[in-house]
Amino acid sequence: MNGEPDLGASLAVGLNGVSFPTPVLAASGCFNSGREMAGIVDLHRIGGVVTKSVTLHPTKGLPVPRMAETPSGMLNAIGLQNPGVEGFLQKEGPFIGAAGIPVVVSIAGRSVEEFSQVTLRIRDLPGVVAIEANISCPNVERRNQVFACHPGDAAEVIGAMSRLTRLPIFAKLTADVTDIVAVAEACVRAGAHGLSLINTLLGMAIDTETFRPRLGAVTGGLSGPAIRPVAVRCVYQVAQALPDVPIIGMGGIRSPNDAVEFLLAGAWAVQVGTANFFDPGVMIDIGEGIRRFLNARGLSSPADIRGKARLPDRVAEPAYRRG
Amino acid sequence: MNGEPDLGASLAVGLNGVSFPTPVLAASGCFNSGREMAGIVDLHRIGGVVTKSVTLHPTKGLPVPRMAETPSGMLNAIGLQNPGVEGFLQKEGPFIGAAGIPVVVSIAGRSVEEFSQVTLRIRDLPGVVAIEANISCPNVERRNQVFACHPGDAAEVIGAMSRLTRLPIFAKLTADVTDIVAVAEACVRAGAHGLSLINTLLGMAIDTETFRPRLGAVTGGLSGPAIRPVAVRCVYQVAQALPDVPIIGMGGIRSPNDAVEFLLAGAWAVQVGTANFFDPGVMIDIGEGIRRFLNARGLSSPADIRGKARLPDRVAEPAYRRG
Amino acid sequence: MIRTRCEVLSNRRTGAYHSLTLVAPDIADRAKPGQFVQIAVPEGRETLLRRPFSIHQASRRGGWAGTLEIVLDARGRGTAWLAEARTHDVLDVIGPLGRGFSYAADLGSCLLVGGGYGGAPLFFLAEELRARNKLVGMILGARDHERVFKPIEGKRLADTMVITTEDGTMGERGRVTDVLDATLARTGAQVVYACGPNAMLRAVAERCAVRGIPCQVAVEELMACGLGVCWTCAVPVVGRDGRGWWNMRACVEGPVFNGSRIWWDRWLGERPAEPASSAPEPERIHRPEAAEVRP
Amino acid sequence: MIRTRCEVLSNRRTGAYHSLTLVAPDIADRAKPGQFVQIAVPEGRETLLRRPFSIHQASRRGGWAGTLEIVLDARGRGTAWLAEARTHDVLDVIGPLGRGFSYAADLGSCLLVGGGYGGAPLFFLAEELRARNKLVGMILGARDHERVFKPIEGKRLADTMVITTEDGTMGERGRVTDVLDATLARTGAQVVYACGPNAMLRAVAERCAVRGIPCQVAVEELMACGLGVCWTCAVPVVGRDGRGWWNMRACVEGPVFNGSRIWWDRWLGERPAEPASSAPEPERIHRPEAAEVRP
Ligand SMILES: Cc1cc2nc3c(=O)[nH]c(=O)nc-3n(C[C@H](O)[C@H](O)[C@H](O)COP(=O)(O)OP(=O)(O)OC[C@H]3O[C@@H](n4cnc5c(N)ncnc54)[C@H](O)[C@@H]3O)c2cc1C
Ligand SMILES: Cc1cc2nc3c(=O)[nH]c(=O)nc-3n(C[C@H](O)[C@H](O)[C@H](O)COP(=O)(O)OP(=O)(O)OC[C@H]3O[C@@H](n4cnc5c(N)ncnc54)[C@H](O)[C@@H]3O)c2cc1C
Ligand SMILES: Cc1cc2nc3c(=O)[nH]c(=O)nc-3n(C[C@H](O)[C@H](O)[C@H](O)COP(=O)(O)O)c2cc1C
Ligand SMILES: Cc1cc2nc3c(=O)[nH]c(=O)nc-3n(C[C@H](O)[C@H](O)[C@H](O)COP(=O)(O)O)c2cc1C
Ligand code: FES
Ligand code: FES
């Protein structure tokens with residue numbers, strides 16, 4: 001309530017020191033820094049923006065086609081097109097400083113050194129409240145194995161970054177691993193303030209007319225409602241293992257109910273990616289929907305439902321989970 | 001051609017010694033042994049049936065709810081309900097022997113010993129042309145880690161089974177791993193004749209009214225069109241690494257085009273699971289659709305398009321694949 | 001079981017429900033009370049699975065010959081879409097599915113208990129029972145009068161009729177179980193047939209068990225296939241001797257079960273997820289002494 | 001850019017295409033030729049993304065004031081659904097999007113080249129050019145006469161008109177590029193505006209480059225957002241000095257580009273997937289000596 005008697009529940013969330021006015025942020029790569037969307041979305045009614053991932057050098061990205069629609073989802077292979085950290089500071093810096101909303105800068109790189117360099121250039125940018133480390137990137141020093149696929153590699157990046165800045169770092173993980181909890185734990189031990197779950201699933205589609213992959217890069221990342229069950233499972237697994245670590249959940253969220261599902265699974269906040277493309281106002285609607293959901297139950301904050309999924313009395317591990 | 005001049009392309013496929021009249025088989029757990037469906041589907045027009053997974057002991061399965069519909073997909077947590085291998089032989093054996101269609105028996109277990117025991121009981125059952133090892137099961141001897149998640153565990157099961165029978169063994173893998181190619185290679189080295197890709201993705205959904213998981217078992221397997229891009233990617237990756245090993249692709253197939261997509265990615269045949277639930281005749285339609293597809297291009301066999309996706313000249317690994 | 005494309009003949013409101021009449025002569029021909037159909041939602045939607053509906057009427061004679069009627073409560077995406085069906089629309093329907101109610105020659109007085117749209121299949125059953133010269137009593141209950149299923153027609157069809165609503169807007173205020181004992185006593189019913197929310201079925205079955213009256217219940221459980229191949233529709237059923245249990249498929253071994261054989265606690269209880277083999281088995285659950293009607 | 005729910009005023013056939021008139025005064029007010037709108041497909045479908053369509057007409061005056069017209073070719077799921085739109089249906093539309101064609105004060109004679117439904121935005125453009133007292137020549141090409149977009153109206157609107165069809169069922173047999181040189185010579189056009197299949201745009205742009213005539217092309221590339229935030233709609237554009245290149249967003253920096261600045265080989269070529277930084281950069285690509293119209 002506090003000062004918002006008419007609205008009922010407050011949407012503000014605190015993630016162990018980082019706060020957002022609503023628990024609904026824009027996901028990296030799906031909102032740029034917010035500038036383009038400002039004309040159609042009232043940015044002051046969303047929780048914040050996670051920027052498109054920034055790399056050290058300007059990156060031209062992958063050849064088209066860069067996207068393919070799939071059942072209830074889409075594949076993308078943009079190749080992290082961005083003007084590099086200097087170009088980013090120049091083009092987006094002033095906007096970020098003046099936007100008056102919390103901005104999380106997403107950083108990507110091909111080596112620990114690149115992540116570190118970008119961190120150094122970003123850490124003092126006004127308006128930035130946190131860094132998201134997009135470690136679902138290939139590591140050129142490890143035969144292009146994706147950082148987030150190996151707890152050790154992931155920890156190395158997070159460790160290096162966290163030594164360079166006091167900004168909280170959220171490690172963004174991929175679900176394409178055998179044990180996401182192990183990667184999450186390694187990141188937290190290395191200094192991650194929180195975790196962003198999940199990045200896209202690696203997928204592929206082929207045009208049966210031309211026999212060509214539908215993506216110029218052959219494979220790409222699957223996002224949208226199709227992946228939501230996988231994302232909710234990842235958030236749940238990690239939240240069970242690390243209940244005190246802030247988790248920002250994402251993957252296929254497009255309605256208030258979807259967002260509530262992530263909060264119940266253990267997320268402290270959520271991000272919305274693909275849904276912005278077809279419904280630019282969706283983050284505001286989700287926020288208001290969460291408020292109504294809380295009001296209807298006499299609750300005062302999104303934190304009240306965090307991790308509150310009611311599990312059966314006994315959940316035994318050995319059961320066959322599929323089929 | 002060969003004796004089917006009116007129809008054009010022949011749908012028959014050979015998988016290094018195992019042959020099926022069409023490349024479209026029923027996936028395990030989605031068709032039982034075919035008995036229930038015989039009243040509504042002409043079994044002689046499909047490629048074959050992979051049975052519901054059989055375990056050594058009768059298995060009662062997991063508590064309801066056992067299913068939840070999700071965007072373009074569904075979650076299931078049946079818990080491999082089945083009457084155990086003795087019950088199976090009694091109830092399904094006579095049907096399988098008399099059905100006159102190729103039957104692949106799917107075997108599941110919680111230990112290498114259980115897989116071996118069931119293999120011994122199944123190997124002489126008339127009508128059985130191959131065994132599918134459903135190794136997406138928890139291994140009670142390894143803290144319930146799923147066999148298919150660890151190349152060593154997977155190889156152990158396949159090795160033990162292949163020493164007990166001359167029936168070809170298809171290892172059925174899960175995509176929920178960091179490196180599916182490594183698991184595939186381990187299975188093949190251990191004696192797998194071929195690979196079935198993929199089992200369901202581990203997922204979860206929560207009812208936002210009741211705060212309860214929508215599945216009695218909390219987590220379950222995601223299937224249906226939603227997962228198709230992930231499945232195609234897995235088939236493609238494994239086929240690139242192991243071009244001579246027969247792959248049966250599956251995951252979200254419901255149309256001839258979907259099936260062709262898997263063949264182009266490198267599958268030698270496909271299985272259809274979830275789509276049977278909403279469209280029981282779908283496997284026949286897919287087969288006929290593949291025939292039309294081949295005829296329209298003057299091709300004579302599904303093998304003619306196997307792995308024929310036209311890749312760009314250079315596919316460099318280090319590119320950012322997501323975002 | 002038949003798969004057919006049926007034309008919609010009409011879609012009318014019946015209180016809070018929609019009543020859809022379909023042209024489906026082959027299914028109508030074979031249908032028995034308690035059986036159901038699976039209706040496909042249109043392609044291209046993100047809802048893939050068919051939706052199951054009880055058969056309310058299957059007309060084999062007269063002006064409506066060859067038609068099938070279902071009743072639906074629009075609650076989720078699939079039912080909301082179906083509620084919009086218009087005359088001449090074509091639906092993809094599979095049926096008749098499952099095992100319906102059964103009749104014992106020696107039980108002449110029946111009591112049919114319906115909750116909400118659960119009343120729908122009981123009308124079809126009542127006609128079949130009357131054709132077999134049975135006495136038919138009926139209890140129809142619901143939350144409010146809008147949800148009491150066809151009370152007027154019910155009164156015409158049944159020999160005795162009791163209506164209950166939770167809000168008291170029609171008939172007696174309360175639940176069907178509040179009037180069950182009295183009605184059983186008054187009608188001298190020898191067998192009970194029930195359809196409605198699962199919790200209601202449990203209450204009815206438990207009361208019948210106490211009184212030693214056989215009770216058949218038509219249950220609802222999530223169904224991915226409805227064809228017997230996926231095992232999502234599990235209902236835990238106890239052995240005839242009250243020992244041992246197994247999960248039966250509501251879509252082929254049901255949806256009608258002997259109410260005294262369902263292990264209600266396990267089915268509707270807290271639904272613990274554990275390896276089934278280590279679940280405590282019921283020592284012996286109450287079951288009627290009366291002759292078993294059907295497993 | 002505006003998001004609005006628009007009523008469908010009419011949906012008519014135009015040869016092989018559908019022409020949809022929408023009530024969208026705010027978008028119509030701001031629209032410029034070459035801009036587009038993004039139309040949402042309905043919720044609950046497995047096709048999530050909006051579909052982009054060029055603006056064919058934006059009426060600000062007269063009986064149709066406040067309306068917007070788009071033309072669509074029904075090919076996939078989204079367009080097939082849209083082709084079924086009925087009067088009074090309501091669509092969720094965002095627009096006007098992108099940068100449209102631009103006009104140079106000193107270029108008085110224009111040639112508009114449209115392929116298939118690519119002719120649609122050129123009609124809007126022709127009107128704007130005529131309002132600026134330019135001479136407007138037009139070439140409309142298509143596979144067959146059904147796909148030549150509004151030939152009669154085009155003839156009325158343009159000062160000169162040439163029609164080509166690949167099958168010869170209307171106008172000259174062949175492609176627009178077969179008549180381009182002659183038409184340029186005949187009309188003395190000083191600037192070319194083109195819209196149509198990307199391969200046609202390339203051919204037109206390359207011919208114009210050879211002749212040193214500025215050429216603006218309205219391209220099509222897959223668009224996930226259409227709002228400038230996802231970077232799926234990349235078109236490789238070469239620097240003004242012919243050196244260096246960058247992927248521009250067709251949805252905000254386009255869809256209209258200077259045809260001589262697009263690196264066609266990279267964009268429409270074999271599309272090799274490699275780290276962009278190691279891609280060979282064009283030493284210098286041909287570009288018109290004529291004054292640049294727009295980057
Ligand atoms: C044997 C049987 C007979 C039935 N008869 C009738 C009837 O005569 N009239 C009627 O209105 N309803 C009946 N139901 C329930 C009806 O099937 C559900 O209300 C309907 O499937 C809900 O679909 P939805 O898309 O509206 O809801 P959603 O919640 O969107 O459905 C999501 C998924 O859950 C399933 N589901 C949701 N609720 C139920 C439920 N109660 N039972 C089974 N599956 C469910 C759906 O089939 C779908 O697969 C019957 C169910 C069964 C099993
Ligand atoms: C700026 C612009 C203007 C356009 N103007 C018109 C127009 O005036 N009239 C018209 O008929 N079409 C136009 N198109 C093409 C039109 O957007 C596609 O035909 C349409 O999106 C196809 O959708 P679908 O669902 O029918 O096909 P599907 O193949 O099912 O679409 C799958 C996905 O691919 C995208 N897609 C498929 N083909 C194209 C394409 N050619 N261009 C862009 N995206 C595509 C879809 O938007 C969707 O995201 C335009 C495209 C762009 C980019
Ligand atoms: C209800 C259900 C039960 C299943 N049971 C089994 C099983 O017993 N053994 C198995 O190997 N896979 C099982 N599967 C997985 C399927 O065989 C298949 O791998 C998966 O569903 C992906 O294919 P689909 O998208 O075509 O369904 C089951 C899937 C479903 C939906
Ligand atoms: C077009 C597109 C571009 C993306 N770019 C990035 C990126 O630059 N960095 C990143 O960490 N994630 C990126 N993502 C992943 C999203 O941030 C998000 O993790 C994922 O899409 C799942 O959420 P969603 O289903 O809501 O889209 C991108 C996703 C899409 C669809
Ligand atoms: S619903 Fe599939 S077995 Fe009953
Ligand atoms: S379509 Fe998203 S940036 Fe152009």
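Protein chains get the first letters and strands the later ones, always in sequence-line order, with residue 1 at the start of each.
When only modelled atom types and interatomic distance are considered, B:Asn82 and B:Thr55 share a side-chain donor-acceptor pair under 3.5 Å. If you check the side chains of B:Glu132 and B:Ser196, you find a donor sitting under 3.5 Å from an acceptor.
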Q: Check the pair B:Asn199, B:Asn134 against side-chain hydrogen bond (donor to acceptor under 3.5 Å, both in side chains), reporting the backbone distance first and the verdict last.
A: CA-CA 8 Å; B:Asn199 213 315; B:Asn134 173 5; 3.3 Å; yes
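Neither the backbone nor the side chain of B:Leu215 comes within less than 4.5 Å of any heavy atom in chain A. With a threshold of 4.5 angstrom between heavy atoms, B:Ser136 approaches chain A through its backbone and through its side chain. Contacts of B:Gln237 with chain A are made by side-chain atoms alone, with heavy-atom separations under 4.5 Å and no backbone atom involved. If you measure heavy-atom distances from A:Arg143 to chain B, you find no contacts under 4.5 Å at all. B:Leu75 touches chain A through its side chain: at least one heavy atom from C-beta onward sits under 4.5 Å away, while N, CA, C and O do not.
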Please tabulate, one pair per line, all N/O donor-acceptor pairs under 3.5 Å involving side-chain atoms of residues 216-227 of chain B, not counting sequence neighbours.
from, atom 1, to, atom 2, distance (Å)
B:Thr219, OG1, A:Arg321, NE, 2.7
B:Ser223, OG, B:Thr274, OG1, 2.7

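Residue pairs meeting the salt bridge (charged side-chain N to carboxylate O under 4.0 Å, His left out) criterion with at least one partner in residues 66-82 of chain A, sequence neighbours excluded, are A:Glu69-D:Arg51.
A donor-acceptor pair is defined here as one N or O able to donate and one able to accept, closer than 3.5 Å; no such pair exists between the side chain of A:Asp153 and the backbone of A:His150.
The candidate with the highest count of non-hydrogen atom pairs below 4.5 Å against chain B, out of A:Ala231, A:Gly29, A:Cys234, A:Ala205, is A:Ala205. Interface summary for chain A: among B:Ile78, B:Thr208, B:Thr200, B:Asn76, the most heavy-atom pairs under 4.5 angstrom belong to B:Thr208. Here A:Ile206 is the residue among A:Asp179, A:Ile206, A:Thr210 with the most heavy-atom pairs under 4.5 Å with chain B.
When the heavy atoms of residues 250-259 of chain B are compared with those of chain A, the residues falling under 4.5 Å are B:Arg254, B:Asn257, listed by number.
Annotation: side-chain hydrogen bond (donor to acceptor under 3.5 Å, both in side chains) contacts of B:Asp207 (sequence neighbours excluded): none.
Relative ring orientation between B:Phe293 and A:Phe211 is described as parallel, the plane-to-plane angle staying below 30° on a 0-90° scale split at 30° and 60°.
Taking every heavy atom of both residues into account, B:Val118 and B:Val54 meet most closely at CG1-O, 4.2 Å.
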